[in-house]
Amino acid sequence: NIPTEFIKIAREDSDSPVGEVDEAPQAKVPYNNEEESFEASELLQQGIEQQQAGDFNAAIKALQHSSALFQAYGNSLKQAQALSYLALVAYCSGDYKSVISYAQQCLSLAEESEEQRLQIQALSHLGNAYRHLKKHSEAIKFLQECLEKAQRIQDSRSQIAALNNLGLVYKASNNLSKAIEYQEKSLKLVRELRDNWGEEQILKNLGNAWYALMNYSKATKYYEDCIL
């Protein structure tokens, strides 16, 4: 038997935010000295580092300044990248309405430039934000589009994130069989990549789904697999 304390911790679902199993990995846009302001690029890098360090207020300031400068220089692709990171910072801060605002701006610019990975990232942010706002039909729409784009360009990590996050939306809307279906698909892919951390998060989510169905033996099996 696994400890009660672990079950209590495990029952907090793990979505996949950017760069984690929750979301798709952040898209990288090539640096071009001739077209870009050095200051804008420095601010973008600074904002990314501040976000990673958990200094969200400072990250927002740097990234907003960076986005404004890239817009002034007409570099819509780098502006979209700054907006994607702004959406991530807002997500980490729990400001889901701002996530939607930044991600919609990012998506619009990424569609204009046909940058698939930034589109995937923006759609992932939108789906996760709408799930937290309990707008499940909108969340499913964006995450399904995210999944389809990731499948089209054969981006396995983004597919894993989208499948996991779709599972969480269906769990939140009490469609537990559908939640398990999507997370089993996510688990299959994450095992192919031998991503132990990602596998642990998805096993925990599957355990939570079976726990919600009151199938405690299956839940325990997934929790045990999670800590092996």
Side-chain angles (χ1 to χ4, degrees), residues 2 6-28 51-52 84-85 87-88 91-92 99 103 116-132 136 139-173 175-213 215-228:
I2 51 178
F6 178 80
I7 292 179
K8 187 177 177 184
I9 294 165
R11 289 186 61 217
E12 297 172 7
D13 287 321
S14 295
D15 59 3
S16 307
V18 181
E20 302 174 25
V21 152
D22 188 56
E23 302 223 342
Q26 284 285 3
K28 295 286 188 289
Q51 177 269 320
Q52 291 168 345
S84 183
Y85 275 102
L88 173 58
Y91 185 83
C92 294
V99 174
Q116 294 291 317
R117 291 188 189 280
L118 276 170
Q119 289 177 45
I120 288 167
Q121 193 62 57
L123 290 164
S124 183
H125 286 312
L126 286 164
N128 285 334
Y130 277 116
R131 172 171 59 83
H132 281 286
H136 299 140
I140 289 167
K141 181 186 79 169
F142 285 116
L143 289 170
Q144 192 63 49
E145 189 178 349
C146 176
L147 175 61
E148 288 164 9
K149 284 182 184 290
Q151 288 170 332
R152 206 171 300 137
I153 65 168
Q154 299 182 319
D155 180 343
S156 296
R157 290 196 178 278
S158 295
Q159 288 178 60
I160 290 164
L163 287 163
N164 182 51
N165 292 333
L166 277 162
L168 294 180
V169 179
Y170 281 113
K171 179 174 178 281
S173 58
N175 188 339
L176 296 168
S177 60
K178 200 82 168 168
I180 289 165
E181 178 191 331
Y182 275 101
Q183 284 170 345
E184 285 286 4
K185 289 177 183 176
S186 185
L187 182 63
K188 182 174 182 292
L189 276 176
V190 84
R191 281 177 168 165
E192 287 172 8
L193 291 185
R194 300 178 187 273
D195 176 354
N196 293 334
W197 184 88
E199 181 178 348
E200 183 181 320
Q201 306 310 303
I202 295 162
L203 285 167
K204 185 173 76 169
N205 290 344
L206 278 161
N208 293 345
W210 283 110
Y211 192 99
L213 278 170
N215 189 327
Y216 301 125
S217 61
K218 281 212 169 186
T220 300
K221 177 188 176 298
Y222 282 108
Y223 292 146
E224 286 176 340
D225 287 349
C226 184
I227 59 175
L228 286 177

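Every value quoted in this text rests on a predicted model; they were computed, and no experiment measured them.
Ile153 places a side-chain heavy atom less than 4.5 Å from the side chain of Ile120. Side-chain contact between Gln116 and Asp155 is absent, with no heavy atoms from C-beta onward closer than 4.5 Å. For the pair Asn164 and Gln201, the minimum side-chain heavy-atom distance is 4.5 Å or more. Looking at Asn205 and Tyr222, their side chains never come closer than 4.5 Å, going by heavy atoms from C-beta outward.
Ser156 and Leu193 get closest at one heavy-atom pair: CB-CD1, 4.1 Å. Residue Val99 comes nearest to Ala87 through the heavy atom pair CG2-O, 3.6 Å, listed as atom of the first residue, atom of the second, then distance. Summarising the geometry of Ala139 relative to Val169, their closest heavy-atom pair is CB-CG2, 3.9 Å, with the distance given to 0.1 Å. Across all their heavy atoms, Ile202 and Gln183 have their closest contact at CG2-O, 3.5 Å. Taking all atoms of both residues into account, the shortest heavy-atom contact from Leu206 to Ile180 is CD2-O, 3.9 Å. Of all heavy-atom pairs spanning Ala103 and Ala122, the tightest one is O-CB, 3.5 Å.
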Go through Leu168 and Arg131 one step at a time and tell me if the side chain to side chain contact (heavy atoms under 4.5 Å, CB included) criterion holds. CA-CA 8 Å; Leu168 294 180; Arg131 172 171 59 83; 3.9 Å; yes
Would you check, one step at a time, whether the test side chain to side chain contact (heavy atoms under 4.5 Å, CB included) holds for Ile160 with Asp195? CA-CA 11 Å; Ile160 290 164; Asp195 176 354; 5.8 Å; no
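Summarising the geometry, atom CG belonging to Leu213 is positioned 4.5 Å from atom CG belonging to Leu176; distances are rounded to the nearest 0.5 Å. Rounding to the nearest 0.5 angstrom, the gap separating the OH atom in Tyr170 from the NZ atom in Lys178 is 5.0 Å. Here Gln119 contributes atom CD and Ser124 contributes atom OG; the two are 13.5 Å apart, rounded to the nearest 0.5 Å. The distance from atom CD of Gln121 to atom CG of Leu123, rounded to the nearest 0.5 Å, is 9.5 Å. Put simply, NZ on Lys141 and CG on Leu143 are 11.5 Å apart, with the number rounded to the nearest 0.5 Å. To the nearest 0.5 Å, atoms NE2 (His125) and SG (Cys146) are separated by 10.0 Å.
Classified by interplanar angle (parallel below 30°, tilted 30° to 60°, perpendicular above 60°), the ring pair Tyr211/Tyr223 is tilted.
For Arg194, there are no side-chain contact (heavy atoms from CB on, under 4.5 Å) partners at least two apart in sequence or on another chain. Under the side-chain contact (heavy atoms from CB on, under 4.5 Å) criterion, Gln154 pairs with no residue at all, not counting sequence neighbours. Every side-chain contact (heavy atoms from CB on, under 4.5 Å) that Lys185 has, sequence neighbours left out, goes to Leu163, Glu181.
Under the 4.0 Å criterion applied to side-chain N and carboxylate O atoms, Lys188 and Glu192 are assigned as salt-bridge partners.
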